[in-house]
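Letters go in sequence order (proteins before strands), and every chain restarts at 1.
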Amino acid sequence: MTGFFERVYRVVRRIPPGRVVSYGDVARMLEHPHAARTVGWALGSLPEGSGVPWQRVINSEGRVSTSHQEDGVNLQRALLEAEGVEFDESGRVDWGRFGWVGLSRQEIEALLDA
DNA sequence: ACAATGACATAAG
DNA sequence: GCTTATGCCATTG
């Protein structure tokens, strides 16, 4: 776990249940606005039972990505629905209702500092 | 050091 | 709304 992954995990762990954020949002919080792909990759290489709520991170359209696993999508969706997140007919999440506001700059700093 | 890779994002057709 | 093309970045082999 090198620096970036570590930071990604720390932020993701702060996502409250029933809320979701996009990969890009996480990247922006870490001040790497164009590292969304890396964020996704970090979650992808996440070992099971790591305590990181990876399911709460989806793409900018409010859809689950998990493209490398057939059932990954169903799993992620099931996990989110279990937390109260709702999906519309096209399988999208309403950012207005379930989108996580994120952390303030200071909160991020404090988080990364620790 | 170089090339390839991936759970993205955004613009364009 | 869906498909294609292009940009971006850290990690790996």
Side-chain angles (χ1 to χ4, degrees):
Chain A
M1 310 287 155
T2 40
F4 231 68
F5 283 22
E6 179 73 26
R7 284 188 266 172
V8 172
Y9 302 151
R10 289 195 180 181
V11 172
V12 174
R13 271 194 285 259
R14 301 300 153 151
I15 305 175
R19 286 303 175 91
V20 296
V21 302
S22 71
Y23 300 94
D25 285 341
V26 174
R28 278 190 284 273
M29 285 182 232
L30 297 174
E31 300 195 3
H32 281 244
H34 300 290
R37 304 184 71 165
T38 310
V39 172
W41 194 38
L43 296 179
S45 62
L46 198 58
E48 297 180 36
S50 56
V52 180
W54 55 272
Q55 73 272 21
R56 297 177 194 146
V57 185
I58 58 185
N59 66 23
S60 68
E61 296 181 343
R63 293 186 183 179
V64 296
S65 294
T66 1
S67 61
H68 72 100
Q69 280 190 46
E70 286 283 327
D71 25 326
V73 178
N74 296 323
L75 171 62
Q76 182 167 12
R77 178 164 171 165
L79 287 171
L80 290 176
E81 290 182 320
E83 296 182 346
V85 177
E86 297 171 24
F87 291 79
D88 66 14
E89 308 163 349
S90 52
R92 275 185 296 179
V93 175
D94 183 341
W95 286 115
R97 293 201 294 160
F98 306 104
W100 182 42
V101 180
L103 298 171
S104 72
R105 186 150 166 48
Q106 293 137 351
E107 289 175 308
I108 292 291
E109 288 181 11
L111 183 64
L112 300 182
D113 195 24

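Side-chain contact between A/V12 and A/P53: present, with at least one pair of heavy atoms (C-beta onward) separated by less than 4.5 Å. Side-chain contact between A/V20 and A/W100 is absent, with no heavy-atom pair separated by less than 4.5 Å. Here the side chains of A/Y9 and A/S50 are not in contact, with every heavy-atom distance at 4.5 Å or above. By the 4.5 Å heavy-atom criterion applied to side chains, A/W41 and A/V8 are not counted as neighbours.
Nucleotides of DNA chain C nearest to A/R92 and A/A36 differ in position, and the one nearer the 5' end is that of A/R92.
A straight line from CD of A/E61 to P of C/dG1 spans 9 Å, rounded to a whole angstrom. At whole-Å resolution of the value, CZ in A/R77 and P in B/dA7 are 21 Å apart. Rounded to an integer number of Å, the gap from A/W54 CH2 to B/dA7 P is 12 Å. With rounding to whole Å, A/R28 atom CZ is found 15 Å from B/dC8 atom P.
Using a 4.0 Å heavy-atom cutoff across all strands shown, A/R7 reaches no nucleic acid atom at all. Contacts of A/F4 with the nucleic acid, taken as non-hydrogen atoms under 4.0 Å apart, involve only primed sugar atoms and P, OP1 or OP2.
Among pairs with a residue in residues 29-56 of chain A, those fulfilling salt bridge (Lys or Arg N to Asp or Glu O under 4.0 Å) read A/E31-A/R105, A/R56-A/E83, at least two apart in sequence or across chains. Counting only residues at least two apart or in different chains, side chain to side chain donor-acceptor pair (under 3.5 Å) contacts with residues 19-29 of chain A comprise A/S22-A/D25, A/D25-A/R28.
Under the rule for a ring pair (Phe, Tyr, Trp, His ring centres under 6.0 Å), the partners of A/F4 that lie at least two apart in sequence or sit in another chain are A/H32. Judged as a side-chain contact (heavy atoms from CB on, under 4.5 Å), and not counting sequence neighbours, the contacts of A/L112 are A/R7, A/L30, A/I108. Among residues two or more places apart in sequence or in another chain, the side chain to side chain donor-acceptor pair (under 3.5 Å) test is passed with A/R10 by A/E6. The side-chain contact (heavy atoms from CB on, under 4.5 Å) check on A/D88 picks up A/S90, A/R92, with sequence neighbours excluded. Not a single side-chain contact (heavy atoms from CB on, under 4.5 Å) links A/S60 to another residue, sequence neighbours left out.
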With the criterion being N/O to N/O and under 3.5 Å, what pairs connect the protein with nucleotides 4-7 of chain C, and how long is each?
{"from": "C/dG7", "atom 1": "O6", "to": "A/R37", "atom 2": "NH1", "distance (Å)": "2.9"}

Table of protein N/O atoms under 3.5 Å from nucleotides 1-4 of chain B N/O atoms:
none

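Taken residue by residue, residues 82-89 of chain A places no heavy atom nearer than 4.0 Å to DNA chain B. Applying a 4.0 Å cut-off to non-hydrogen atoms, none of the residues of residues 10-22 of chain A approaches DNA chain C.
Side-chain atoms of A/W41 lie closest to C/dT12 of the nucleotides C/dT12, C/dC9, B/dA9.
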